[in-house]
Amino acid sequence: MAVVEEEEGSPPAAAASDPASGSSDNEITVEEASFVHTEPPQDGTAPPVVSSDMEVLHDKVKKQVIKEGHGKKPSKFATCFVHYRAWVQGSLHKFDDTWQEQHPIELVIGKEKKQMAGLGIGVGNMRSGERALLHVGWELGYGKEGSFSFPNVPPMADLLYEVELIGFDDAKEGKARSDMTVEERIEAADRRKIEGNEYFKEKKFEEAMQQYEMAIAYMGDDFMFQLFGKYRDMALAVKNPCHLNMAACLIKLKRFDGAIAQCSIVLSEDENNVKALFRRGKARAELGQTESAREDFLKAKKHSPEDKDIQRELRSLAEQDKALYQKQKELYKGLFGPRPEPKPKASNFIVRFWQWLVSLIGYLIKLFKRKNE
């Protein structure tokens, strides 16, 4: 069951020929491979404290790196996928948080909204996977008048952004998802999935998840809601493997709650998906949710009775149950002491013998008295 989905070399439409099936002829099997979106390490109530040097990107935009990224920087008109939190610098009032909403935003460099001009400059100077703290002057934010609707930003407010560049796509220059055809969006998502699989094979799980998240971003809920028939099958044939592969990454990274969430998304579309059941069961078992894990494994076994990985996990749970029983047995024995041994009951033969002996003695005594009289 340790499988990463891969259909490299075939178009998304071909991959969709059997979207309900749990496997593909071209799957990559990774030994012991066992998102929710990426989350910053801090709680997000206040801007992170960053000790790195301040880099001047523009007269009104400065950057401090929180986590280094990789690869090249996005070019002009690249479509970037970004998570961020935003605060008013003076009051530390937080007015936006895409992590909380669990949906990254799409930002086309050079075509961003006026109030996001500073954010666009910052993102354009980041690398995929990089997380940074941006200091943006009010002139490149919400300006002299601010915003009194949503978000609520006072006039002339300097801003702080905690930003993560999940990744970017240069393939469709300046073309936002909303301007793409269905085929273009599915093709872009499939390309990201394939890149994620390459990172996974190199054990670069964080980088792989970034690619899978970008692929999923192309397949957003608003987009999927509009699809029916063939096109929906094509989209699910890309989207569901990305969720499953993210679950595999998260299990490797020991982020078991995230893995459970990713598998549950797939199971909401396909309740009998064997890989989703197996990986959710594995994550639940790691969290000690034994009964829930057993339910997932048993349901997976029902649809794939010969799968040795499922059988192994069920045996492992049975052995854990047995070990727990023995441990509890020893614990109770220590608390209450050994059970007292029952006294052996006299056999019926001995009882009858004593009754006969007493009767005999009584008879002899009576006989002796009569002779004396």
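We number each residue from 1, following the sequence as shown. Just so we're clear, the structure is a prediction, and the values are computed from it rather than from any experiment.
In this structure Phe168 satisfies the ring pair (Phe, Tyr, Trp, His ring centres under 6.0 Å) test with no other residue, sequence neighbours excluded. The side-chain contact (heavy atoms from CB on, under 4.5 Å) check on Ser91 picks up Val88, His93, with sequence neighbours excluded. For Tyr199, the ring pair (Phe, Tyr, Trp, His ring centres under 6.0 Å) partners are His70, not counting sequence neighbours. Partners of Glu295 under the salt bridge (Lys or Arg N to Asp or Glu O under 4.0 Å) rule, at least two apart in sequence or in another chain, do not exist in this structure. Partners of Tyr231 under the ring pair (Phe, Tyr, Trp, His ring centres under 6.0 Å) rule, at least two apart in sequence or in another chain, do not exist in this structure. Evaluation of the salt bridge (Lys or Arg N to Asp or Glu O under 4.0 Å) rule for Glu130 yields Lys63 as partners, not counting sequence neighbours. Residues passing the salt bridge (Lys or Arg N to Asp or Glu O under 4.0 Å) test with Glu271: none are found, sequence neighbours excluded. Legend: residues meeting salt bridge (Lys or Arg N to Asp or Glu O under 4.0 Å) with Arg284, ordered by chain and number and at least two apart, are Asp296.
Looking at Glu184, its side chain does come within 3.5 Å of a backbone N or O of Thr181 through a donor-acceptor pair. Proximity of a side-chain donor or acceptor of Tyr212 to a complementary backbone N or O of Asn197 within less than 3.5 Å is detected. Although no hydrogens or angles enter the test, the distance criterion places no donor-acceptor pair under 3.5 Å between the side chain of Glu198 and the main chain of Gly196. Judged by distance alone, the side chain of Ser268 and the main-chain N or O of Ile265 form a donor-acceptor pair under 3.5 Å. The backbone N or O of Arg312 lies less than 3.5 Å from no partner atom in the side chain of Ser316, so there is not a single donor-acceptor pair. Proximity of a side-chain donor or acceptor of Glu286 to a complementary backbone N or O of Ile251 within less than 3.5 Å is not detected. Checked by atom type and distance alone, the side chain of Gln64 pairs as donor or acceptor with a backbone atom of Ser52 at under 3.5 Å.
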Working note: Asn152 + Ser147, criterion side chain to side chain contact (heavy atoms under 4.5 Å, CB included); need CA distance, chi angles, decisive distance, verdict. CA-CA 5 Å; Asn152 184 9; Ser147 171; over 6 Å; no
CA sep, side-chain torsions, deciding dist, call: Leu119, Leu134, side chain to side chain contact (heavy atoms under 4.5 Å, CB included): CA-CA 8 Å; Leu119 178 62; Leu134 299 180; 4.0 Å; yes
Candidate pair Val153 and Leu159, rule side chain to side chain contact (heavy atoms under 4.5 Å, CB included), full reasoning: CA-CA 9 Å; Val153 181; Leu159 308 176; 4.1 Å; yes
Checking ring pair (Phe, Tyr, Trp, His ring centres under 6.0 Å) for the pair Phe297/Phe278: CA distance, chi angles, key distance, verdict? CA-CA 6 Å; Phe297 289 137; Phe278 177 82; 5.8 Å; yes
Given the rule in the side chain to side chain contact (heavy atoms under 4.5 Å, CB included) test, do Glu213 and Phe81 qualify, once you have shown the distances and angles that lead to the verdict? CA-CA 9 Å; Glu213 187 172 8; Phe81 296 92; over 6 Å; no
Walk me through whether Glu187 and Arg192 qualify under salt bridge (Lys or Arg N to Asp or Glu O under 4.0 Å). CA-CA 9 Å; Glu187 180 186 352; Arg192 287 301 172 188; over 6 Å; no
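Counting only residues at least two apart or on different chains, the ring-ring contact (aromatic ring centres under 6.0 Å, His included) pairs with a member in residues 124-162 are Tyr84-Tyr161, Phe95-Tyr142. Here salt bridge (Lys or Arg N to Asp or Glu O under 4.0 Å) pairs that include residues 144-160, with residues two or more places apart or in two chains, number zero. The list of ring-ring contact (aromatic ring centres under 6.0 Å, His included) pairs with a residue in residues 245-274, not counting sequence neighbours, is empty. Screening residues 134-143 for salt bridge (Lys or Arg N to Asp or Glu O under 4.0 Å) gives Lys60-Glu139 as the qualifying pairs, with residues at least two apart or on separate chains.
Side-chain contact between Ser304 and Val274 is present, with heavy atoms from C-beta onward closer than 4.5 Å. A 4.5 Å side-chain heavy-atom check between Val82 and Pro104 finds every atom pair outside the cut-off. Between Lys62 and Leu57 the shortest side-chain heavy-atom distance does not fall below 4.5 Å. Residues Pro48 and Ile66 form a side-chain contact, since some pair of their non-hydrogen atoms from C-beta on lies under 4.5 Å apart.
Residue Ile105 is grouped with residue Val136 when hydrophobic side chains (ILVMFWY) are merged at heavy-atom distances under 4.5 angstrom, including chains of intermediate members. Using a 4.5 Å cut-off between side-chain heavy atoms of Ile, Leu, Val, Met, Phe, Trp and Tyr, with links allowed through other members, Leu107 and Met214 fall into different hydrophobic clusters. At a threshold of 4.5 Å between side-chain heavy atoms, the hydrophobic network of Ile, Leu, Val, Met, Phe, Trp and Tyr places Met234 and Leu227 in one connected group. Placement of Leu277 and Leu298 in two distinct hydrophobic clusters is found when ILVMFWY residues are connected by side-chain heavy-atom separations under 4.5 Å, directly or transitively.
Heavy atoms from other residues, nucleotides or ligands lying under 6.0 Å from CD of Gln100 number 12 at most. Within a 6.0 Å radius of NZ in Lys72, other residues, nucleotides and ligands contribute 12 heavy atoms or fewer. Under a cut-off of 6.0 angstrom, the local environment of NZ in Lys204 is sparse, with at most 12 non-hydrogen atoms contributed by other residues, nucleotides or ligands. By the 6.0 Å contact criterion, NZ on Lys301 is open, its count of non-hydrogen atoms from other residues, nucleotides or ligands being 12 or less.
Between Lys239 and His243, the side chains place a donor N or O and an acceptor N or O closer than 3.5 Å (distance only, hydrogens not considered). Side-chain contact annotation: Asn240 with Asn273, donor-acceptor N/O pair under 3.5 Å absent.
Glu313 pairs in a salt bridge (charged side-chain N to carboxylate O under 4.0 Å, His left out) with only one of the listed residues (Arg280, Lys282, Lys308, Arg279), which is Lys282.
A distance of 5.0 Å separates OG of Ser128 from CG of Leu165, quoted to the nearest 0.5 Å. The line from CZ of Arg85 to CD of Glu164 is 10.5 Å long, rounded to the nearest 0.5 Å. To the nearest 0.5 Å, the span separating NZ on Lys76 from CD1 on Ile109 amounts to 11.0 Å. Here Gln211 contributes atom CD and Ile216 contributes atom CD1; the two are 11.5 Å apart, rounded to the nearest 0.5 Å. Here CD1 of Ile186 is found 12.0 Å from CE of Met180. Values are rounded to the nearest 0.5 Å. Atom CG of Asp59 sits about 10.0 Å away from atom CD1 of Ile121, to the nearest 0.5 Å.
Between Phe205 and Phe200, the ring-plane angle classifies as perpendicular under the 30° and 60° cut-offs.
For Asp233 and Lys230, the salt-bridge test fails: no basic side-chain N is under 4.0 Å from an acidic carboxylate O. Using a 4.0 Å cut-off between a side-chain N of Lys or Arg and a carboxylate O of Asp or Glu, Lys322 and Glu319 do not qualify as a salt bridge. Between Arg255 and Glu206 there is a salt bridge, since at least one side-chain N of the basic residue sits less than 4.0 Å from a carboxylate O of the acidic one.
In terms of heavy-atom proximity, Ala285 sits nearest to Leu317 at CB-CD2, 4.3 Å.
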